[in-house]
Colleague: 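Attaching a single structure in structure tokens format; questions to follow.
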Amino acid sequence: MRLDYLTIFPEFFDVLGISLLGKAVDNGIVDIHAHDLRTWTHDRHRTVDDTPCGGGAGMVMKPDPWGEAFDDLLGADPDPSVHVVIPTPSGTPFRQDDAAQLSHADRIVFCCGRYEGIDHRVIDYASEHWSVHELSLGDYVLNGGEVAALAMTEAIVRLVPGVLGNPESLSEESYSQDQEGLLEYPVYTRPASWRGWDVPEVLMSGHHGHIAQWRREQSRELTRRRRPDLLTDE
Ligand SMILES: COC(=O)c1ccnc(N)c1
């Protein structure tokens, strides 16, 4: 899997060389390239933004640098197997299913906008050539798409075979299919008693059936309280 990041702050993505994702890069499972969008500017000030047509506050990212970056990175031939991800507060919610689908992609290009956003014609042009995903992490605004791109990257890449040491752990996580899309149950480890709080007895019983039932009940109760929208049968 090759991941490209178009951004005016490429140093944001230095962090991807650390920990699990760093190992995935070392093992050749993932190939990461961060690009400074100003590479594709030609004026003395390396300008990437301009005033919004129609007026309004702030600045909009000019289309030209993006188009020239696409030309260099992807060429002009349409290829639906290339996924262009635009992190934006106006995107569709990024969910575990999106991470799962994108974990099968061979190529993902993250376009990290700043200011008031990217000239919409960039998205229109990309949509004619590649598979475009305008995705939001949640109902809040960030200063740029970089932090969101990092979060999406981690959610996606950890699902790629060979990245996680123990793929078994994926099956019991929140939102995983094996968890019926419910929130993950509370977890405990030693000591059995800590500052007056004890590990639930059932988890110390060694009775796998009872433990599995307790965990299912905990997941459903937690989901009912925090995310009733995830409960399909109620
Ligand atoms: C500039 O990007 C954002 O502000 C952003 C991106 C993805 N999700 C969000 N909730 C915000």
Side-chain angles (χ1 to χ4, degrees), residues 1-40 61 65-66 69-70 72-74 79-89 91-114 118 126 130-179 181 183-184 187 189:
M1 173 185 279
R2 172 166 168 154
L3 300 175
D4 289 274
Y5 300 84
L6 282 169
T7 168
I8 59 173
F9 296 115
E11 59 274 23
F12 252 98
F13 300 95
D14 293 349
V15 71
L16 291 177
I18 300 171
S19 184
L20 271 181
L21 297 194
K23 286 194 180 67
V25 173
D26 295 343
N27 295 339
I29 298 172
V30 177
D31 185 19
I32 290 178
H33 302 266
H35 312 273
D36 185 345
L37 186 68
R38 296 187 197 277
T39 304
W40 292 280
M61 299 192 91
W66 294 95
F70 287 154
D72 281 0
L73 293 180
L74 298 172
D79 182 352
S81 77
V82 172
H83 294 265
V84 174
V85 174
I86 297 129
T88 170
T92 54
F94 176 71
R95 298 202 188 287
Q96 191 67 21
D97 285 350
D98 300 300
Q101 285 173 30
L102 286 167
S103 71
H104 299 294
D106 289 327
R107 184 98 193 254
I108 304 176
V109 180
F110 287 91
C111 299
C112 302
R114 287 256 147 184
I118 303 170
W130 308 291
S131 297
V132 170
H133 311 262
E134 293 183 78
L135 297 172
S136 169
L137 285 187
D139 296 338
Y140 46 83
V141 179
L142 302 168
N143 287 337
E146 289 82 4
V147 166
L150 283 171
M152 292 175 188
T153 297
E154 179 148 321
I156 293 163
V157 172
R158 66 194 297 275
L159 301 178
V160 175
V163 171
L164 279 192
N166 172 20
E168 282 296 303
S169 58
L170 288 175
S171 64
E172 297 189 344
E173 292 180 336
S174 293
Y175 312 106
S176 71
Q177 289 311 315
D178 300 36
Q179 276 281 96
L183 299 185
E184 189 172 350
V187 291
T189 184

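When reading the values below, keep in mind they use all heavy atoms of this one structure, side chains included, and skip hydrogens, waters and symmetry mates.
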Colleague: Do Asp106 and Met1 have side-chain heavy atoms sitting under 4.5 Å apart?
Modeller: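 Asp106 does not reach Met1 side chain to side chain.
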Colleague: Just distance, no hydrogens or angles: give the donor-acceptor pairs under 3.5 Å from side chains in residues 153-163, sequence neighbours left out.
Modeller:
from: Thr153; atom 1: OG1; to: Tyr5; atom 2: OH; distance (Å): 2.7
from: Thr153; atom 1: OG1; to: Ala149; atom 2: O; distance (Å): 2.6
from: Arg158; atom 1: NH1; to: Glu173; atom 2: OE1; distance (Å): 2.8
from: Arg158; atom 1: NH1; to: Glu173; atom 2: OE2; distance (Å): 3.3
from: Arg158; atom 1: NH2; to: Glu173; atom 2: OE2; distance (Å): 2.5

Colleague: Going from OG1 on Thr92 to CG on Asp98, what distance comes out if it is rounded to the nearest 0.5 angstrom?
Modeller: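 One gets 6.0 Å once the value is rounded to the nearest 0.5 Å.
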Colleague: Please report the closest heavy-atom contact between Gly91 and Ser136, naming both atoms and the distance.
Modeller: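 That would be O-CB, 3.6 Å.
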Colleague: Check Pro10 against Ala34 and note the closest heavy-atom contact, atom names and distance.
Modeller: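 Minimum heavy-atom contact is O-CB, 3.9 Å.
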Colleague: For the residue pair Ser131 and Pro80, what are the closest heavy atoms and their distance?
Modeller: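 Result for this residue pair: OG-O, 2.6 Å.
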Colleague: Hey, could you give me the CH2/NE2 distance between Trp130 and His83, rounded to the nearest 0.5 Å?
Modeller: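 So the CH2 of Trp130 and the NE2 of His83 are separated by 13.5 Å.
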Colleague: Is any side-chain heavy atom of Leu135 closer than 4.5 Å to one of Ile86?
Modeller: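 Result no, sub-4.5 Å side-chain heavy-atom pair not found.
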Colleague: Pair Met152, Leu137 - check side-chain contact (heavy atoms from CB on, under 4.5 Å), show working.
Modeller: CA-CA 8 Å; Met152 292 175 188; Leu137 285 187; 3.9 Å; yes
Colleague: Checking Ser103 now: which residues fulfil side-chain hydrogen bond (donor to acceptor under 3.5 Å, both in side chains) with it, not counting sequence neighbours?
Modeller: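 With sequence neighbours excluded, Ser103 shows a side-chain hydrogen bond (donor to acceptor under 3.5 Å, both in side chains) to no residue whatsoever.
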Colleague: What pairs with Ser81 under side-chain hydrogen bond (donor to acceptor under 3.5 Å, both in side chains), at least two apart in sequence or on another chain?
Modeller: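 Expected list: Asp79.
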Colleague: In this structure, which one of Arg38, Glu146, Arg114 forms a side chain to side chain donor-acceptor pair (under 3.5 Å) with Thr7?
Modeller: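 Looking at Arg38, Glu146, Arg114, the match for Thr7 under the side chain to side chain donor-acceptor pair (under 3.5 Å) is Glu146.
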Colleague: How long is the straight-line distance from CZ of Phe13 back to CD1 of Ile32, given to the nearest 0.5 Å?
Modeller: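 The CZ atom of Phe13 is 9.5 Å from CD1 of Ile32, to the nearest 0.5 Å.
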Colleague: Would you mind writing out the side-chain donor-acceptor pairs for residues 16-30 within the sub-3.5 Å range, not counting sequence neighbours?
Modeller:
from: Asn27; atom 1: ND2; to: Lys23; atom 2: O; distance (Å): 3.2

Colleague: In Å and rounded to the nearest 0.5 Å, what is the OH to CG distance from Tyr140 to Leu142?
Modeller: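 Here the interatomic distance stands at 6.0 Å.
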Colleague: What pairs of residues pass the salt bridge (Lys or Arg N to Asp or Glu O under 4.0 Å) test when at least one of them lies in residues 3-19, not counting sequence neighbours?
Modeller: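 Found Arg2-Asp4, Asp4-Arg107.
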Colleague: Who pairs with Asp36 by salt bridge (charged side-chain N to carboxylate O under 4.0 Å, His left out), at least two apart in sequence or on another chain?
Modeller: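 Checked Asp36 against salt bridge (charged side-chain N to carboxylate O under 4.0 Å, His left out); zero matches.
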Colleague: Working to the nearest 0.5 angstrom, can you tell me the gap between Cys111 SG and Trp66 CH2?
Modeller: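 Spacing of SG (Cys111) from CH2 (Trp66) equals 5.0 Å.
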Colleague: Measuring from atom CD1 of Ile8 to atom CG of Leu6, what distance do you get when rounded to the nearest 0.5 angstrom?
Modeller: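 Taking CD1 in Ile8 and CG in Leu6, the distance rounds to 12.0 Å.
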